[in-house]
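Have a look at the structure below before the remarks.
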Amino acid sequence: ADDVTLQLKWVTQAQFAGYYVALENGFYSDEDLNVTIKPGGPDIAPTQVLAGGGADVTVEWMPAALAAREKGLPMVNIAQPFKSSGMMLTCRKDAGVATTDDFAGKTLGVWFFGNEFPFLSWMSQLGLSTDGGDAGVEVLKQGFNVDPILNGQAACVSTMTYNEYWQVIDAGLSPDDLTTFKYEDQGVATLEDGLYALEENLADPAFEDKMVRFVRASMKGWKWAEENPEDAAMIVLDYDETGAQTEAHQVRMMGEIAKLTAGSNGTLVEADYERTVASLLAGGSDPVITAAPEGAWTHAITDKALN
Amino acid sequence: MRNVVPIFTVLLAIVGAWWLAVAPMNIRPALDIAERGGAMIVPEGSVERRDVSVWRLMLDNRDHVVAGYDLKRPRLPTPAQVGNELWKTTGAMVAKGRAWSKRSLIYHGWVTLHSTLWGFLLGTTLGILGAVAIVYSRVVDMSLMPWAIISQTVPIVALAPMIIVVSNQVGIEGRGVPKAIISAYLCYFPVLVSMVKGLRSPSSSELDLLKTYHASGFQSFLKLRLPASVPYLFTALKVGIAAALVGTIVGELPTGAISGLGARILIGDQFGTPLAIWSALFCAAILAGALVTVLDITQRFTLRKMGFRS
Amino acid sequence: MTSNAPNSLPQEIPGQSPAAETVISAQNLSLTFETADGPVHALKDVSLDINKGDFVSFIGPSGCGKTTFLRVMADLEQPTGGQISVNGVSPREARLNRAYGYVFQAAGLYPWRTIGGNIRLPLEIMGYDKADQAERVTRVLEMVDLAGFEKKFPWQLSGGMQQRASIARALAFDADILLMDEPFGALDEIVRDHLNEQLLDLWAKTGKTIGFVTHSIPEAVFLSTKIVVMSPRPGRVTDVIESPLPKERPLEIRDTPEFLEVAHRVREGLRAGHSYD
Amino acid sequence: MTSNAPNSLPQEIPGQSPAAETVISAQNLSLTFETADGPVHALKDVSLDINKGDFVSFIGPSGCGKTTFLRVMADLEQPTGGQISVNGVSPREARLNRAYGYVFQAAGLYPWRTIGGNIRLPLEIMGYDKADQAERVTRVLEMVDLAGFEKKFPWQLSGGMQQRASIARALAFDADILLMDEPFGALDEIVRDHLNEQLLDLWAKTGKTIGFVTHSIPEAVFLSTKIVVMSPRPGRVTDVIESPLPKERPLEIRDTPEFLEVAHRVREGLRAGHSYD
Amino acid sequence: MIWIVGMLVFWAAAWACNVWLANSAFSDKRAVRIAVPLIFGLTILVLWEGLVRGFGVSQVILPPPSQVISVFAASTDLLWIDFVQTVAKGALRGFMIGAFAAFVAAVLIDRSAFLTRGLLPIGNFVAALPIVGIAPILVNWFGFDWQSKAAVVVVMVFFPILVNTVQGLRETDAMQRDLMRTYAAGYLQTLFKLRLPAAMPFIFNGLKIATTLALIGAIVAEYFGSPTRGMGFRISTGVGSLSIDLVWAEIFVSALVGSAFYGAVAWIEKRVTFWHPSQRG
Ligand SMILES: Nc1ncnc2c1ncn2[C@@H]1O[C@H](COP(=O)(O)OP(=O)(O)OP(=O)(O)O)[C@@H](O)[C@H]1O
Ligand SMILES: Nc1ncnc2c1ncn2[C@@H]1O[C@H](COP(=O)(O)OP(=O)(O)OP(=O)(O)O)[C@@H](O)[C@H]1O
Ligand SMILES: Cc1ncc(C[n+]2csc(CCO)c2C)c(N)n1
Ligand SMILES: [Mg+2]
Ligand SMILES: [Mg+2]
């Protein structure tokens, strides 16, 4: 069997259910693959792991991948299991945020580590400076949790529809107390969880073939997960080494994830890609990328995988 | 042993102060919850309350103070809550025969202990070898010593991801080795410093004595410098193991380790479960205590055996 | 200042003639330490002959170079001028031949070794075989009255006993020169008296040549066949006194006029040109 | 064992009669330390009177309670039995009245203060005014021959000079009792001789009452008007010897028959019941 | 290849130079004492440069020092902002508050033998714990800005300084204390004239340990939330956006600041405890 190492973007959770399902249900071994899944974490940059040869393929968000590409790391999107973005900004009504016009002068929690790009280009489209001051917004590098909105340190925090949002709800705030801004609704959505590999590796037909089989099995896993959300969540739980994930939370996450993967067979939709690039190029004074990238994606893998 | 009574008194006082501090620390979330549950709180609205001191809040909402002692997400948990959580994740797991389950702190403690021990081994070996080199070579002494100090001012957290990537690149899998390297990085320094002191502790007359015997350099190392440094070695080991544990946990914190006590702290933070953080912290403390105690006992035993007066 | 032992030397050699065998011979020996505050003349133009079987005491105020002289003999310090020979060869060769036993001011026993282990130390280093080691340890322990203490650790012994053990350590191997640098300096007078008697006894039994540094006039007079009085800045020998005392010396000898007479001469020698700091 | 100074005491009081003023008076004094190995009887039934202007030496083997006795006088240790009075009051009151100067075996100068600063220490604590402090420091430094060393740090001085500085520190304020616990124990004999002469000189000049612990018989005899011989287990006084030597004592007095006679008596006193280790 | 050979040659030459310097007659001269470690450090940089270039290591994994230096030079204003945020506001303030609190606590504890006996072992124990772990809690309590970083630093430096100070205050020998007793000196007099001066070497020992802890504490705490500036912030986002050269520039600043901080404390120590044998050389 051929070895494939997959680097995840974050810790083991239902966000990556498709891969775990494919592993657990033997979809990978059916393709004669021996897959190792490496969970990520707050200080793991999947791009760097890829560059260092620690993984063959990685789950990454497109803004980060394109930024890395501009830094000289030739990452190529080979598949896009997530159709839509799950990013949103969750705000407290009692902090006085009802519309995007209320942002000025407020403190907003944002994830960095390569996840800040969509936010930054959104703010620049809104014409808000992110360097503080009355005209702009005060940006906090949000840690790993949603505490800032709970104890009033921030008016809004970044959340994912499938994860952090529910932590806010679990903490006792009700949806009525909150205003949410989905990036999708704001027209600033960028592509999330895609699969990326290095250009030079893809030039090798053997590697390409491995990727074809990998993507095929992974997509099979994703579709199975969409149909069997509860079982998928249980599989994820079994692989969670932290022992901190709870069943209820993972089942709920799986449900939300299914909404994002629905509508994708794994093939990157070019229009989504163009929209992402446009949004990133518009990143104000300090754009994420300075020129439209060349060769940042390929349909070669998905074309072969899905036929 | 005459210290037992004072130690317990002080411990008791600390726990008492902690317990008392829970009320002011938790009054705001407690009032928020009560208000959402329909209770009348003065003043109304959590935003308004931010400008009121906790003491005022406690005075004005006396009935709700106790609620602070039973929050699901306390800012400061009570000692009992922490104890309970610790028990649930250790003793109770053992009782259920699931000591090695991923939900058990015994398992995570073991993961941390494991790389701590490797880091400790690596660090002490490096420290001792470095000390020998420094004591026997002037060049090494002059060039290495300042950098050893400087090395400790480098924030290893910054190096952690790179250590992971680099060790990945040279073909090392998993987080164990990088964590051990980080922990060795913190551990080697106190060992080095202390061993240099120890290897240099023989007086010049003790060294001269061997010279009159025409002893070789290796003989004087084996028969004098090494045994003379044993008490220093143990002091170093005790500091070193604590440093190694700190290193492992620091290594687990930002590198997104998926198991181990540092990872529990991280996960506890990510999922907003403060009790998980607190129990991991206490577990780390217990681990540190146990490790140092083991070394302490070994030290007493060895030194007594060797004839040093303790 | 060659010394032709005139009388009652406890040498094994029968004819106590001017032809007595010279063991250590120093000619115009100098040693200057270069320090941050300028050169220190620890020894300047020191000439001295020590015969086989002599018991030579070095006395003088602090800093006069007693220790330095002893260390030069033992090749622990290199002279910067003059000659010195030991057993006809250089100190270095003598050291490599293991010609010395050296006893320091503090007993300097290794605390992690038992008394027996400490005495065995030089034997191990010099590669004596196991059986020989054991035999020698037993013998020297008896010699210094410490039989039965072999298994004890140093700190389980009094200061006087520790010092005896350190002497035993220097006796355990076959060095025929014993150099002692204020070996009893840290002990109280009464214990000291006792050790002095034992040392004389040992010296008579073994016939070794002994170089002995002391600050105590009675001690020097009581023990020595030859007393070397030194003076500082620069360190030099100001007087060499041959003792007229008999070989047999009970403690009471210290109240005899001969003793007091020698002591007086030593004191005068010390007084001359002595500054008190 | 009350002592009525019989002769040649260097007291300022003219009539050296049995009525001489008693400064320290101990009756059946006992002190038992409770240790892990059982009680240690450091002092048992010690009675002694010290008169104003006496120079009293305490001599005895290690562990006989010399230090303990001195410390009881200075209220550094509490007796477990018997009475002791100092200047007619309890040691505690005497201490609070600052009646003592105490000199320890090691100089015990604070290394972070200059020599001058060390001598000034008691004066600062006792609240002397600045000008007085400076004046006293200069005076006592001269007294101990250390003029010019005021600005030096202790570690820049030799052991003998440090010990003199520590004596100066004890002299700087107006204590009329000086207690010295083996002040010269760490020094070499020659420096010691010199300091002994200076101490006698000082004593004559100031007329203080001095309690002095030593291990050296010649030192005790040379210095004292009264020699207290002690013996251990339990610590007790075995002999009190009044010295017949005159107040003026050149170093040569040590070669006189009177001196040797007293020394002999002390040695006999010590020898009785002394074990050597 | 040329890089690797060149690097090896440089290495050999530098080492030979150091051997010669260290064993030469002026090895005690100040200039040599500084030159030898500098040459050593330079060698490491050259080795690093040679290895990275020789083996063509990707710059997103390990950039060569030359690139780090140019990024350092190009981003001084950014580095300065981070320095102010993390060092001047977080670490330094935390250090001062922690040191002061520990010092006062030590003097108070020291008055009671009972407390000392009870607290010293506990303090020693706590000083050995991985206290950085409380960073997420303190960030939650004290907010995102420098206050929470300072709080982490306070807690981290408190115990080493406390323990060392208490230990130091007990360090006077019996004779020195007895001397004070014979003068019938009061508590404050004994404290100021004897015990504090005698404790200084210990206090400085604690302060020196605390200097390295302070920086690490402030930086780690930024991982759990921070404004969009600070060394920890820059390091973690730098890794995420593969600006590894900037990360190294921050590491460089941290080492520089840490060494300077340590050096400053050691310098003051030298002045204050000039009398201690360890300082007299
Ligand atoms: N290694 C050294 N470096 C510099 N000076 C030294 C060294 N060893 C000794 N001296 C100096 O040489 C002189 C003679 O010293 P030495 O130790 O021989 O004297 P000593 O007679 O043994 O004195 P003491 O009775 O104090 O032991 C002294 O002034 C001493 O300071
Ligand atoms: N603090 C103490 N606790 C227990 N035992 C003590 C203490 N101080 C002294 N002793 C014991 O009391 C006895 C008398 O001690 P002390 O120090 O007075 O003797 P000393 O005559 O001064 O001896 P040395 O000549 O050695 O100084 C000794 O056996 C000693 O071990
Ligand atoms: C420090 C840090 N915070 C948040 C993320 C963002 N992130 C990446 S995947 C994912 C999914 C939901 O949990 C989220 C939130 C990160 N990478 N690093
Ligand atoms: Mg000497
Ligand atoms: Mg004593």
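Both backbone and side-chain heavy atoms feed into the values below; hydrogens, waters and symmetry mates do not. Since the model is a prediction, treat every value here as computed from it, not as a measurement. Naming: A, B, ... by sequence-line order, numbering from 1 per chain.
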For this session: Please look at B:M145 and chain E and tell me whether the side chain, the backbone, both or neither of the residue comes under 4.5 angstrom of a heavy atom of that chain.
Result: neither

Exercise. Which one of E:D82, E:T86, E:L215 satisfies the side chain to side chain contact (heavy atoms under 4.5 Å, CB included) criterion with E:S254?
Worked result: E:L215

Seminar exercise, completed: In this structure, CZ of E:F204 is separated from OG1 of E:T211 (nearest 0.5 Å) by 11.5 Å

For this session: Compute whether any side-chain donor of one residue and acceptor of the other, for B:T248 and B:T112, lie under 3.5 angstrom apart.
Result: no

For this session: Could you tell me which of B:P155, B:A243, B:A288, B:G268 has the largest number of non-hydrogen atom pairs under 4.5 Å with chain E?
Result: B:P155

For this session: Identify which of B:L245, B:L261, B:I14, B:I149 forms the greatest number of heavy-atom pairs closer than 4.5 Å to chain E.
Result: B:I149

Seminar exercise, completed: If one checks every heavy atom of B:L287 against chain E at 4.5 Å, the contacting part turns out to be neither

For this session: Under 4.5 Å heavy-atom distance to chain B, tell me which part of E:F114 shows up: side chain, backbone, both or neither.
Result: both

Problem set entry | Atom group of E:V32 that falls short of 4.5 Å from chain B, counting heavy atoms | both

Exercise. If you look at every heavy atom in B:M142 and E:P37, which pair is closest and at what distance?
Worked result: O-CD, 3.6 Å

Problem set entry | Under 4.5 Å from a heavy atom of chain B, the part of E:F224 involved | side chain

For this session: With a 4.5 Å cut-off on heavy-atom pairs, point out which of E:I134, E:I39, E:L115 contacts chain B the most.
Result: E:I134

Problem set entry | Structural part of B:L76 lying under 4.5 Å from a heavy atom of chain E | both

Exercise. Are B:R138 and E:V19 close enough that some pair of their side-chain heavy atoms sits under 4.5 Å apart?
Worked result: no

Problem set entry | chain B contact via E:I122 - side chain, backbone, both or neither, heavy atoms under 4.5 Å | side chain

Problem set entry | Aromatic ring pairing E:F40/B:W147, orientation class (parallel under 30°, perpendicular over 60°, tilted between) | tilted

Exercise. Which pair of heavy atoms, one from E:F261 and one from E:A214, lies closest together, and at what distance?
Worked result: CE2-CB, 4.5 Å

For this session: Heavy-atom distances under 4.5 Å only: say whether E:W20 touches chain B with side chain, backbone, both or neither.
Result: neither

For this session: Identify which of E:G232, E:A113, E:G41 forms the greatest number of heavy-atom pairs closer than 4.5 Å to chain B.
Result: E:G41

Seminar exercise, completed: When the 4.5 angstrom heavy-atom criterion is applied to E:L256 and chain B, the contacting part is neither

Exercise. Salt bridge or not for E:R170 and E:D110, using N-O below 4.0 Å?
Worked result: no

Exercise. Quick one: what part of B:I150 sits under 4.5 Å from any heavy atom of chain E, side chain, backbone, both or neither?
Worked result: both

Exercise. So which part of E:I137 gets closer than 4.5 Å to some heavy atom of chain B, the side chain, the backbone, both or neither?
Worked result: side chain

For this session: Looking only at non-hydrogen atoms, find the nearest pair between B:R75 and B:N26 and report the distance.
Result: N-OD1, 3.1 Å

Problem set entry | Qualifying residue for side chain to side chain contact (heavy atoms under 4.5 Å, CB included) with B:I7, from B:V5, B:L11, B:T9 | B:L11

Exercise. Hey, which of E:L120, E:V36, E:L21 has the most heavy atom pairs under 4.5 Å with chain B?
Worked result: E:V36

